[in-house]
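Sequence lines set the chain letters: A, B, ... in the order given, protein chains first and strands last, and positions in each chain run from 1.
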Number of protein chains: 2
Amino acid sequence: MSSKYDAEPSRLDEAARAGWLYYVAGNTQDEIAKKLGVSRQSAQRLVSLAISAKLIKVRLDHPIAQCMELSLRLKDKFGLQSCEVVPSDPTSSSVTLGIAQAGAAEMERHLKSEQPIIMSVGTGRTLRACVDQLQQMDCQKHRIISLVGNIASDGSASAYDVIVRLADTIKSPHFPLPLPVIAASVEEREILQSQKFIRHILDLAKQSDVTFVGIGHLEDNAPLLEDHFITSEERSDLIKAGAVGEIVGWAYDAQGNLLEGHTNDRVASVPIFPNHDKPVIGIASGIGKISAISGALQGKLVNSLITNEATAEQLLNN
Amino acid sequence: MSSKYDAEPSRLDEAARAGWLYYVAGNTQDEIAKKLGVSRQSAQRLVSLAISAKLIKVRLDHPIAQCMELSLRLKDKFGLQSCEVVPSDPTSSSVTLGIAQAGAAEMERHLKSEQPIIMSVGTGRTLRACVDQLQQMDCQKHRIISLVGNIASDGSASAYDVIVRLADTIKSPHFPLPLPVIAASVEEREILQSQKFIRHILDLAKQSDVTFVGIGHLEDNAPLLEDHFITSEERSDLIKAGAVGEIVGWAYDAQGNLLEGHTNDRVASVPIFPNHDKPVIGIASGIGKISAISGALQGKLVNSLITNEATAEQLLNN
DNA sequence: CAATCAAGTGAGTATTTGCCCGTAAATGTA
DNA sequence: TACATTTACGGGCAAATACTCACTTGATTG
């Protein structure tokens with residue numbers, strides 16, 4: 001007679017119950033307190049725990065006119081397959097506010113497909129925030145591929161381990177790319193990528209039905225730099241060569257042309273091709289990323305975009 | 001800035017924006033009012049419009065959520081006073097897993113009452129499992145009544161002696177029903193039930209503030225049969241007459257109508273009445289019991305239910 | 001053109017919620 | 001064991017939110 005149910009319901013279970021009663025069933029905290037047999041204050045704590053534990057996920061399902069307009073104009077200007085613009089909160093400092101929910105919604109849209117699909121993903125803070133907003137699903141028939149290695153130059157795994165977290169949430173078979181982001185040399189990259197199982201992953205990535213990538217800038221606090229995938233010198237070289245941004249490690253200039261040479265000779269990520277016919281969705285926002293996003297759009301490195309209002313406006317004034 | 005893209009923001013758009021700022025960005029209505037340039041009251045109206053127009057979608061990402069939704073739907077479908085659905089553990093074969101804890105919790109909730117109460121209980125494996133989960137309490141002011149006799153046709157006491165065990169755990173005065181479950185004849189039932197102290201118990205049972213019963217099926221391995229309260233022939237007769245389940249011995253059909261005649265003429269248990277105003281809580285789970293539970297719910301023989309996820313889903317697909 | 005009506009607004013008010021803080025229980029430490 | 005520290009609890013209160021009501025506006029219509 002021993003089981004996981006014997007244990008008194010964990011605090012999180014209670015929080016889930018309280019959160020459900022509050023947000024879904026519309027009870028007041030007093031009613032919840034009565035139903036759960038606790039004080040009102042405890043009920044309040046449970047509800048707020050449900051929020052802070054990310055049990056509660058809120059989404060807005062409406063094309064706001066202003067954002068619609070921006071989205072249309074962006075599609076027009078850059079020939080995008082699709083574009084979603086979420087409202088900005090001018091007073092919030094969070095970079096991913098709203099974007100994360102929209103990205104998660106887009107991912108879910110694809111994951112709900114009846115047909116088995118191959119979804120490939122990049123990495124970074126933004127994608128990670130999206131994945132954190134995903135709801136639990138059972139997607140055993142789909143396959144998730146990582147476009148980018150997760151090993152830093154010091155051998156540690158990346159802090160923004162998007163693919164593992166993603167696969168965990170949606171219970172999909174997944175294929176991380178056990179490579180450095182940028183190999184030590186051209187030869188090393190060749191050797192690493194010629195391994196049979198790596199070739200298999202690269203091959204799967206090519207068949208992707210949908211791709212989600214973040215867009216990295218190359219300013220002082222470039223993600224590639226902060227995560228120690230490139231050195232400060234390498235960044236300077238890239239800047240001198242005209243680089244404005246990077247996608248899964250591949251650096252490109254203001255027109256979205258992939259750079260020849262420099263670190264691009266050693267990037268071990270899955271190659272990216274402009275003008276892909278399947279959806280390649282860039283998720284990015286922030287004024288610091290304007291030129292990086294603009295470049296990616298101009299070079300058609302991505303054909304879909306999820307961003308926010310403020311960023312969209314900047315992109316259009318560009 | 002005027003172009004084909006311009007669309008004046010409709011009220012819903014404003015509502016969407018307000019809802020977004022409120023729920024996603026976490027602004028207060030005052031802040032929203034300022035940002036949208038309207039009064040605080042208007043902001044409040046926009047936010048509530050966003051909810052009532054279903055623009056805002058809240059999800060709870062936790063196994064409990066599923067159960068709460070099922071519970072709500074069951075309440076709706078069968079007009080129940082209350083309904084609790086506990087998670088199913090697909091890997092466990094135990095019928096009472098989780099149910100027992102939930103049932104015990106519900107019992108404790110009532111037993112904690114300051115006012116002296118009368119609680120009546122049926123019998124069976126499920127109720128026994130609930131009672132086994134009860135914590136020791138001191139409930140001398142309450143009274144516990146058995147709804148059903150505990151004597152089998154061979155004179156032995158029932159193996160699932162719920163009431164004694166219950167009273168033992170909570171130290172309450174208790175009133176077992178020293179009768180067979182099903183008398184040998186209509187006359188015998190009359191004689192037995194006319195005894196003064198039996199009448200007293202039946203009378204107490206009528207005053208019950210809360211009632212807990214199991215729900216028995218009438219398949220091959222029907223509890224009534226296994227415990228030798230009825231014979232195999234009697235079961236066949238019942239089935240032919242349309243019986244799908246029984247509560248404290250009273251057999252009923254798929255619509256929850258108590259059968260006329262058959263063993264029901266001789267059942268010595270406390271009578272049960274549909275549409276009771278006090279809580280009558282059925283505790284049952286298992287796919288084998290679906291039609292029995294469904295009948296009990298349709299006929300309002302119980303007005304509250306404790307079951308598990310899998311059973312709840314079946315009941316709703318019915 | 002006045003009457004009617006639907007929809008929206010702000011003021012006022014009741015209810016609900018968030019949070020501080022002192023106390024009590026649980027947990028960790030010597 | 002005794003003591004320190006953390007954790008949880010509930011009372012109380014100010015802030016935030018929901019609701020009611022009387023009024024305005026503007027469109028519709030007989």
Side-chain angles (χ1 to χ4, degrees), chain A residues 6-62 64-66 87 89-94 97-98, chain B residues 7-60 62 64-65 68 72 101 105 108-109 111-114 135-138:
Chain A
D6 276 357
E8 74 182 39
S10 81
R11 195 168 168 72
L12 260 191
D13 289 339
E14 287 297 296
R17 209 167 265 278
W20 191 91
L21 287 167
Y22 189 74
Y23 285 102
V24 183
N27 286 273
T28 69
Q29 297 183 352
D30 256 323
E31 294 171 312
I32 296 169
K34 211 167 291 170
K35 289 181 189 177
L36 300 187
V38 299
S39 70
R40 212 235 348 130
Q41 293 83 344
S42 299
Q44 197 272 330
R45 283 184 187 106
L46 287 174
V47 170
S48 74
L49 174 61
I51 302 168
S52 61
K54 302 274 178 73
L55 262 35
I56 298 287
K57 292 176 183 170
V58 183
R59 245 182 237 173
L60 180 102
D61 202 7
H62 182 79
I64 297 180
Q66 168 78 358
D89 180 353
T91 63
S92 164
S93 58
S94 164
L97 187 61
Chain B
E8 81 181 38
S10 77
R11 189 168 169 77
L12 262 190
D13 291 331
E14 287 296 293
R17 190 170 284 273
W20 189 89
L21 287 166
Y22 189 72
Y23 285 102
V24 183
N27 287 269
T28 70
Q29 297 182 354
D30 255 325
E31 294 170 311
I32 296 169
K34 213 166 290 169
K35 286 178 191 176
L36 299 187
V38 298
S39 72
R40 195 186 59 70
Q41 293 88 334
S42 297
Q44 196 273 326
R45 285 184 187 105
L46 288 174
V47 171
S48 76
L49 175 61
I51 302 167
S52 60
K54 302 278 173 65
L55 300 181
I56 297 289
K57 295 188 178 157
V58 184
R59 280 189 325 213
L60 179 77
H62 191 282
I64 293 291
M68 308 222 37
L72 197 70
Q101 286 77 8
E108 283 174 22
R109 195 143 38 235
L111 291 168
K112 272 180 194 151
S113 157
E114 289 297 322
Q135 72 178 102
Q136 299 273 345
M137 308 176 64
D138 191 340

Interatomic distance where [atom1] belongs to [X] and [atom2] belongs to [N] [whole Å]:
{"X": "A:Ile32", "N": "C:dT16", "atom1": "CD1", "atom2": "P", "value": "12 Å"}
{"X": "A:Ile51", "N": "C:dG18", "atom1": "CD1", "atom2": "C1'", "value": "11 Å"}
{"X": "B:Gln44", "N": "D:dC21", "atom1": "CD", "atom2": "P", "value": "16 Å"}
{"X": "A:Leu49", "N": "C:dC19", "atom1": "CG", "atom2": "P", "value": "14 Å"}
{"X": "A:Leu36", "N": "D:dG10", "atom1": "CG", "atom2": "P", "value": "13 Å"}
{"X": "B:Asp30", "N": "C:dG10", "atom1": "CG", "atom2": "C1'", "value": "14 Å"}
{"X": "A:Tyr23", "N": "C:dT16", "atom1": "OH", "atom2": "P", "value": "16 Å"}

When you check the phosphate oxygens OP1 and OP2 of [N], does a side-chain N or O of [X] lie under 4.0 Å from one of them?
{"X": "A:Tyr22", "N": "C:dT17", "result": "yes"}
{"X": "A:Ser42", "N": "D:dG10", "result": "yes"}
{"X": "B:Ser39", "N": "C:dG10", "result": "yes"}

Under the 3.5 angstrom rule, does the side chain of A:Asn27 hit a backbone N or O of A:Leu21 as a donor-acceptor pair? yes
Between the base of C:dG18 and the side chain of A:Arg40, is there a donor-acceptor distance below 3.5 Å? yes
Is the base of D:dG11 touched by the side chain of A:Gln41 through a donor-acceptor pair closer than 3.5 angstrom? yes
Pairwise side-chain contact, [X] with [Y], heavy-atom cut-off 4.5 Å (strictly under):
{"X": "A:Tyr23", "Y": "A:Val47", "answer": "yes"}
{"X": "A:Ile56", "Y": "A:Tyr22", "answer": "no"}
{"X": "B:Glu14", "Y": "B:Leu36", "answer": "yes"}

Straight-line distance of [X] [atom1] to [Y] [atom2], nearest 0.5 Å:
{"X": "A:Leu49", "Y": "A:Lys54", "atom1": "CG", "atom2": "NZ", "value": "12.5 Å"}
{"X": "B:Arg17", "Y": "B:Lys35", "atom1": "CZ", "atom2": "NZ", "value": "11.0 Å"}
{"X": "A:Leu55", "Y": "A:Leu46", "atom1": "CG", "atom2": "CG", "value": "11.0 Å"}

Answer with base, sugar-phosphate or nothing: what part of the nucleic acid does B:Gln29 contact at a heavy-atom distance below 4.0 Å? sugar-phosphate
Which nucleotide sits closest to the side chain of B:Arg45: D:dT20, C:dC19, D:dG10? D:dT20
Please report how far the helix from C:dC1-D:dG30 to C:dA30-D:dT1 bends, comparing the axis fitted to its first five pairs with the axis fitted to its last five, to the nearest 10 degrees. 30°
